[in-house]
There are 2 protein chains.
Amino acid sequence: MDAVQDEAAGKRARGLDRAFEILDFLRQKRQALKPNEIAAQIGAPRSSVYELVNLLLSNGILEFTGGEGRVYLGRKLYFLGAAYENHFDFTRECEAALEQLADETRETAQFCMLDGNKYTVVRMREGARPFRISTDIGQSVPIPWTASGRLLVAHLSDQDILNFIPPQDFRLPGGEWLEPQTFIAEVRQAEREGLFTFNSIVDSFTHCFAVPVRGEEGHAAATLCLVTPRDDGIANRDRYLDCLKKAAAGLEHAPARPRRN
Amino acid sequence: MDAVQDEAAGKRARGLDRAFEILDFLRQKRQALKPNEIAAQIGAPRSSVYELVNLLLSNGILEFTGGEGRVYLGRKLYFLGAAYENHFDFTRECEAALEQLADETRETAQFCMLDGNKYTVVRMREGARPFRISTDIGQSVPIPWTASGRLLVAHLSDQDILNFIPPQDFRLPGGEWLEPQTFIAEVRQAEREGLFTFNSIVDSFTHCFAVPVRGEEGHAAATLCLVTPRDDGIANRDRYLDCLKKAAAGLEHAPARPRRN
DNA sequence: TGTTTTTGTCCGCTATATTGTACATATGAT
DNA sequence: ATCATATGTACAATATAGCGGACAAAAACA
């Protein structure tokens with residue numbers, strides 16, 4: 001059923017894929033779970049999950065926590081993630097860019113990337129506004145629901161976009177159906193203009209601005225976004241876009257530096 | 001040859017173990033490598049490594065980077081690591097503790113943990129001194145080489161310690177042999193006193209101070225350390241230890257908070 | 001130019017990892 | 001007390017994953 005993996009049905013799953021399915025599931029749940037619960041909720045054989053969980057535990061990829069035999073992501077993953085972050089050293093500059101955006105606009109600023117075939121907020125700086133942002137950091141959101149999504153898939157061909165995005169993700173949170181062709185048209189428009197803005201699909205009171213942060217290959221490796229109240233956003237549109245473009249330009253000079261050592 | 005895993009010789013390796021061996025190896029190398037190089041350097045069959053690398057690439061665990069087909073740790077690992085960090089929310093308080101230590105002592109302060117059966121510096125705050133610290137963040141160091149190492153294994157029995165630490169890690173960087181029984185005696189002493197200090201084994205000009213940061217189970221989940229010039233360290237010993245204990249106490253109140261959601 | 005090394009792919013064999021099933025225990029409901 | 005559910009372990013069957021080795025292209029070298 002999953003459009004990306006799970007080729008055929010009734011086949012045996014590879015241990016590695018199952019393992020990372022477990023890890024992703026724990027990340028999504030954001031809490032420690034018992035092996036039994038994991039097996040039930042991801043629809044995997046219990047014996048397999050127990051075997052894999054024990055393997056991952058002995059490698060430090062998972063850890064016992066929360067008692068009752070519950071497990072969650074382990075320290076080893078933290079170390080590996082830190083190594084990634086260190087290599088593609090975007091964190092420091094990213095925080096600076098968000099800081100700058102927050103200062104200049106007083107709005108919520110986000111740094112977003114793709115996580116597989118989903119959109120995710122990697123870092124966020126809350127604005128001075130009194131309302132809360134609907135997406136939390138690290139949560140996976142369907143690409144079509146977001147302004148950034150238009151930019152993050154713009155390097156793909158129309159067909160590749162359709163293959164890449166799970167079909168059910170075109171069902172918007174309100175239940176409406178976003179015609180894929182409409183989405184693609186917006187992608188191409190965003191690509192031409194180097195930005196995308198719209199009234200948020202996820203809620204009814206925000207306006208979203210997104211500009212690309214281009215990586216080594218020239219396409220949008222990430223985006224910088226502002227999430228604003230609708231009237232403020234529309235009133236300050238040009239200024240906000242200028243701020244975003246300025247901040248994005250500051251991020252683009254050295255997306256992946258060679259390593260110092 | 002690896003004392004910890006690789007039970008018997010001539011056996012087939014499990015894919016999952018090989019996969020994480022690859023990931024750890026890349027982390028240790030801290031650079032993108034070709035699959036061929038990886039296979040050669042970790043002593044694994046080339047065909048297996050190619051298969052695994054491709055699997056990991058398609059899962060976002062590895063990424064192409066650096067050209068020439070080289071691969072390095074992928075974005076997915078960053079997300080998983082961020083989820084871990086978010087769950088066991090030690091980062092913020094940890095930075096505050098290091099900041100405080102740096103202010104009070106002007107020396108290099110480190111937050112250290114075990115990574116498997118090695119010691120590693122998780123976060124560091126450089127002091128005002130003009131010399132550099134010998135261990136970089138994220139590098140794996142044999143446990144017996146470090147002051148913190150005495151504290152981090154103190155919850156294990158003598159026999160478990162010997163099983164846990166690879167025998168060759170008792171060979172010090174200078175080539176001398178540290179008798180395991182000597183090490184264990186120092187572990188027990190550190191356990192009793194709740195601290196360990198010594199002239200660094202790794203270099204000839206620093207003195208190291210370490211105190212435990214106790215986790216849920218009551219044993220040292222991490223350590224806070226100071227690395228100082230020898231004469232300064234010895235002159236300020238009592239004050240430095242007070243600072244460390246104070247900072248460690250500040251970290252211990254909520255090692256793993258329940259999650260908010 | 002010929003030779004060696006590096007790099008990547010392909011394929012068949014077989015050791016084994018995944019899985020269904022059965023079993024055992026604890027917990028909770030009635 | 002009885003039944004049902006949740007949780008973890010043990011084990012055998014077989015689909016397959018890991019491995020060795022063959023092959024080929026490209027790069028390095030002589």
Side-chain angles (χ1 to χ4, degrees), chain A residues 1-2 4-26 29 31-74, chain B residues 1-2 4-26 29 31-74:
Chain A
M1 304 313 150
D2 198 327
V4 191
Q5 43 203 19
D6 266 297
E7 288 291 338
K11 303 263 291 183
R12 270 188 179 186
R14 201 179 285 244
L16 243 183
D17 290 330
R18 271 276 146 74
F20 284 109
E21 194 181 353
I22 291 172
L23 298 184
D24 261 337
F25 181 70
L26 287 173
K29 285 292 186 181
Q31 59 178 291
L33 257 36
K34 302 186 202 184
N36 223 12
E37 301 173 307
I38 298 175
Q41 299 191 46
I42 70 177
R46 295 193 314 130
S47 47
S48 304
V49 173
Y50 273 100
E51 165 104 15
L52 288 170
V53 164
N54 284 327
L55 266 177
L56 295 169
L57 281 169
S58 69
N59 276 325
I61 310 296
L62 288 180
E63 284 177 13
F64 281 119
T65 180
E68 308 270 320
R70 269 179 277 261
V71 298
Y72 192 65
L73 307 177
Chain B
M1 304 314 150
D2 198 327
V4 192
Q5 41 204 22
D6 267 295
E7 289 291 339
K11 303 264 292 183
R12 270 183 170 183
R14 204 176 290 236
L16 245 183
D17 290 331
R18 272 273 143 78
F20 284 110
E21 195 181 352
I22 292 172
L23 298 183
D24 261 337
F25 181 69
L26 288 172
K29 284 292 187 184
Q31 60 177 290
L33 258 34
K34 301 187 201 182
N36 225 11
E37 301 173 306
I38 299 175
Q41 298 190 47
I42 69 176
R46 294 192 318 129
S47 47
S48 302
V49 172
Y50 273 101
E51 165 105 16
L52 286 170
V53 163
N54 284 328
L55 267 177
L56 294 169
L57 281 169
S58 69
N59 276 325
I61 310 294
L62 288 179
E63 284 176 14
F64 281 118
T65 180
E68 307 271 321
R70 270 179 276 261
V71 297
Y72 193 65
L73 306 177

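First the proteins, then the strands, lettered A, B, ... as listed; each starts at 1.
Mapping A/R14 and A/R70 onto DNA chain D via the closest heavy atom, the residue that lands nearer the 5' end is A/R70. Nearest-nucleotide positions on DNA chain C place B/E37 closer to the 5' end than the other of A/L16 and B/E37. Residues A/G15 and A/Y50 both approach DNA chain D. Their nearest nucleotides, taken by heavy-atom distance, put A/Y50 toward the 5′ side.
By the 4.5 Å heavy-atom criterion applied to side chains, B/L62 and B/L23 are counted as neighbours. Here the side chains of B/L56 and B/N59 are not in contact, with every heavy-atom distance at 4.5 Å or above.
Between atom NZ of residue B/K29 and atom CD1 of residue B/I38 there is a gap of 11.0 Å, rounded to the nearest 0.5 Å. Rounding to the nearest 0.5 Å gives a distance of 11.0 Å between CD1 of A/I22 and CG of A/L33. Atom CG of residue A/L16 and atom CG of residue A/L52 lie 9.0 Å apart, to the nearest 0.5 angstrom.
For the helix from C/dG2-D/dC29 to C/dT30-D/dA1, the angle separating the two terminal helix axes comes to 40°, with each axis derived from five pairs and the value rounded to 10°.
The side-chain contact (heavy atoms from CB on, under 4.5 Å) search around B/N36 returns B/R46, B/Y50, not counting sequence neighbours.
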What verdict does the side chain to side chain contact (heavy atoms under 4.5 Å, CB included) test give for B/T65 and B/V71, after you've listed the backbone C-alpha separation in whole Å, the side-chain angles of each residue and the deciding distance to 0.1 Å? CA-CA 6 Å; B/T65 180; B/V71 297; over 6 Å; no

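Counting only residues at least two apart or in different chains, salt bridge (charged side-chain N to carboxylate O under 4.0 Å, His left out) contacts with residues 49-72 of chain A comprise A/K34-A/E68, A/E51-B/R14.
The stretch residues 41-49 of chain B touches DNA chain D through B/P45, B/R46, B/S47, B/S48, each having a heavy atom within less than 4.0 Å of the strand.
Heavy-atom contacts of chain B under 4.0 Å fall on DNA chain C between two terminal nucleotides, which in 5' to 3' order are C/dT6 to C/dA17. The footprint of chain B on DNA chain D, defined by a heavy-atom cutoff below 4.0 Å, extends from D/dA17 to D/dA22.
Annotation for A/V49 and A/P35: closest pair CG1-O, 3.6 Å, computed over non-hydrogen atoms. Here the closest non-hydrogen pair linking A/R18 and A/G43 is NH2-O, 4.3 Å.
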